[in-house]
Structures are given as C-alpha cells and as structure tokens.
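Read through the structure below, which is laid out as structure tokens, and then see the notes.
To find a chain, count down the sequence lines: A is the first, B the second, and so on, and within it residues start at 1. Values reported hereafter were calculated over all heavy atoms of this structure, with side chains retained and with hydrogens, waters and symmetry mates removed.
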Amino acid sequence: MEIRDVHAFDLTPAEAIRLQGELRARVRLSGDIGEVSLVAGADASYTKGSDEIHAVVVVLRYPDLAVVERASASAVTAFPYIPGLLTFREGPALIEAFRRLRSEPDVVVFDGQGIAHPRGLGIASHMGVLLDRPTVGVAKNLLVGTAAEPAAGRGSTAPILRDGETIGMAVRTKERVKPVYVSAGHRIALSTAVDLVLATARGYRLPEPTRQAHLYANAVRRGEGQTTLSTSGG
DNA sequence: GCGACAG
DNA sequence: ATCTTGTCGC
C-alpha cells in the first residue's frame, strides 16, 4: 500500500500519550466504505523471550473470503506493552507490512480496539489515520467501558458503554461463545463495522480477516511463511 | 492511594 | 502476546 508520511514512533510513554491526543482529532466516525471487494486483517505475533515481532497483513476477497495476498515484516520492538499504547509497540512493524502490500484493501480489520480506548485512539483508529483508510477494531477483551452480555444467538449485540455513551458493540459472532468487542477505527460508522464483522465471521469467533492474520503471523514467527501467492519480508 | 489494564 | 494436554460441553 501507498503510505505517504513518515510517522513518529520512537517516543517516551508520555510523548506517546500526547501524540494520541493530537491524532484522535483526525479520526472520522462516518463514511460510506462503498462496495467492499477486498478486506484485510492485520495482526502481530511475538517470539517468546525476545522482543521480536512479526507483523502481517492478509487480504481476502469479498464476499468469498479467499486469501489473495499476504505481506509481513519482522522487527525488534523498541516499545514495551503498555495498555493504551499498543500501537507504539506494533505500529512500526505493521506499517512496514502495509508498505510491502501490493493491493489496496477497502477496509482493514485490526486485532484490538478502535475508539473504545482511554483516549479514543486504539490501534485500529491510530493505524486508520496513518494509512488514511477505513479500519475496524475487533478486540477479544475490553480495555475501557462495559457491555451487557449479548443474547446467546449469533448476531446478538450489546452496546459498549462509557459514561453513558456508546463507543462500540459487543458482538456474538458464534452462538454461545464469548462475544468480540467491535469499535469503529477510522472513516467508518459503528453499524457498518458491526455488519462487516458479522459478514466475515464464518464458523469461528474471530472474523476471517483477523483469523487468517493470526494464522499467518504465527507461521511467519515459526519461519513457515509462504512466498507463493504472497509478499514476504523480514 | 488502590485496582484495572487491547496485544 | 507467550508458555502448553487433556478435557468438559454443545
């Protein structure tokens, strides 16, 4: 993907928090993503004891969800994991993976929060602004806010509330299985984000874009990353 | 001051 | 996130 600006990541936690305050003003919570033909999933895997990170982006064709491209980038993280500052740890490697991507996905699903974040700038929103592309946050756990338990059936939802405001939606993607927490990332409405998650979740708790990204990230970490129909790197 | 805390 | 086998439940 084309990525114009050079973005700062080498910051102290205090500087990172200040930058988030500036970037959240650029997040847009609306926008018609139009006809989706390519959906991407982004994720990262780590090597046990080291700070080696393996970031990947997997592009799937919509609606059949066939994988059409994979890109990866491995690096040594310079930032520790601090709740609320995840992007400063995974962002650099993810940006490189996107830089190596040839296709232009219509929307990207991230493993983590969108605006359901202490400062309204989870990894999906942050990356959305940097990539200037529609993004969705799909987290396995909440960072802020609370949500009631959605009904047991697939497709049931319950708003993620924070100070009486809806910042996301708990979505049951699979019957009787713990819901995922969806929040708008950038250039997308929450309802559209929820629709996309349900439309791409087929048989598993996690939607296919993130599920495929998970699998590929682990493969890359184990040195089994393909090159055949994908873009490799690292 | 005491917990909570995406991946 | 990662370390890890079998096991209980739908």
Measure the distance from [atom1] on [X] to [atom2] on [N] and round it to the nearest whole Å.
{"X": "A:K178", "N": "B:dA6", "atom1": "NZ", "atom2": "C1'", "value": "11 Å"}
{"X": "A:F88", "N": "B:dC5", "atom1": "CZ", "atom2": "C1'", "value": "17 Å"}
{"X": "A:L143", "N": "B:dG3", "atom1": "CG", "atom2": "P", "value": "19 Å"}
{"X": "A:R211", "N": "B:dG7", "atom1": "CZ", "atom2": "C1'", "value": "19 Å"}
{"X": "A:H54", "N": "B:dG7", "atom1": "NE2", "atom2": "C1'", "value": "15 Å"}
{"X": "A:L94", "N": "B:dA6", "atom1": "CG", "atom2": "C1'", "value": "13 Å"}
{"X": "A:R221", "N": "C:dT2", "atom1": "CZ", "atom2": "C1'", "value": "8 Å"}
{"X": "A:F110", "N": "C:dA1", "atom1": "CZ", "atom2": "C1'", "value": "17 Å"}

Exercise for review: Mind checking the NE2-OG1 spacing from A:H126 to A:T87? Nearest 0.5 Å is all I need.
Suggested key: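 Rounded to the nearest 0.5 Å, the NE2-OG1 separation comes to 5.5 Å.
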Point to revise | A:E165, CD atom: more than 12 neighbouring heavy atoms under 6.0 Å | key: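 It does not: A:E165 CD has 12 such atoms or fewer within range.
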Any side-chain N or O of [X] below 4.0 angstrom from OP1/OP2 of [N]?
{"X": "A:K140", "N": "B:dG7", "value": "yes"}
{"X": "A:S45", "N": "C:dT2", "value": "yes"}
{"X": "A:N141", "N": "B:dA4", "value": "no"}
{"X": "A:Y46", "N": "B:dG7", "value": "no"}

Check your understanding: Counting side-chain heavy atoms from C-beta on, which of B:dG7, B:dC5, C:dT2 comes nearest to A:P83?
Key ->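 Closest nucleotide to the A:P83 side chain: B:dC5.
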**Study point:** Selected nucleotide, minimal atom distance to A:K48 side chain, candidates B:dA6, C:dT2, C:dA1
**Key:**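 Shortest atom-to-atom distance from the side chain points to C:dT2.
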Exercise for review: Check each of A:V144, A:I167, A:V171 against A:I160 using the side-chain contact (heavy atoms from CB on, under 4.5 Å) test, and report the only one that passes.
Suggested key: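 That would be A:I167.
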Exercise for review: Using distance alone, with no hydrogens and no angle criterion, decide if A:S45 and A:R221 have a side-chain donor and acceptor under 3.5 Å apart.
Suggested key: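 Checked: A:S45/A:R221 side chains pair up, N/O donor to acceptor below 3.5 Å.
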Review point. Would you say the side chains of A:T200 and A:E208 form a donor-acceptor pair under 3.5 Å?
Key: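 No, no side-chain donor-acceptor pair sits under 3.5 Å.
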Reckon [X] touches a base, only the sugar-phosphate, or nothing at all at heavy-atom distances under 4.0 Å?
{"X": "A:G84", "result": "base"}
{"X": "A:D51", "result": "nothing"}
{"X": "A:L142", "result": "sugar-phosphate"}

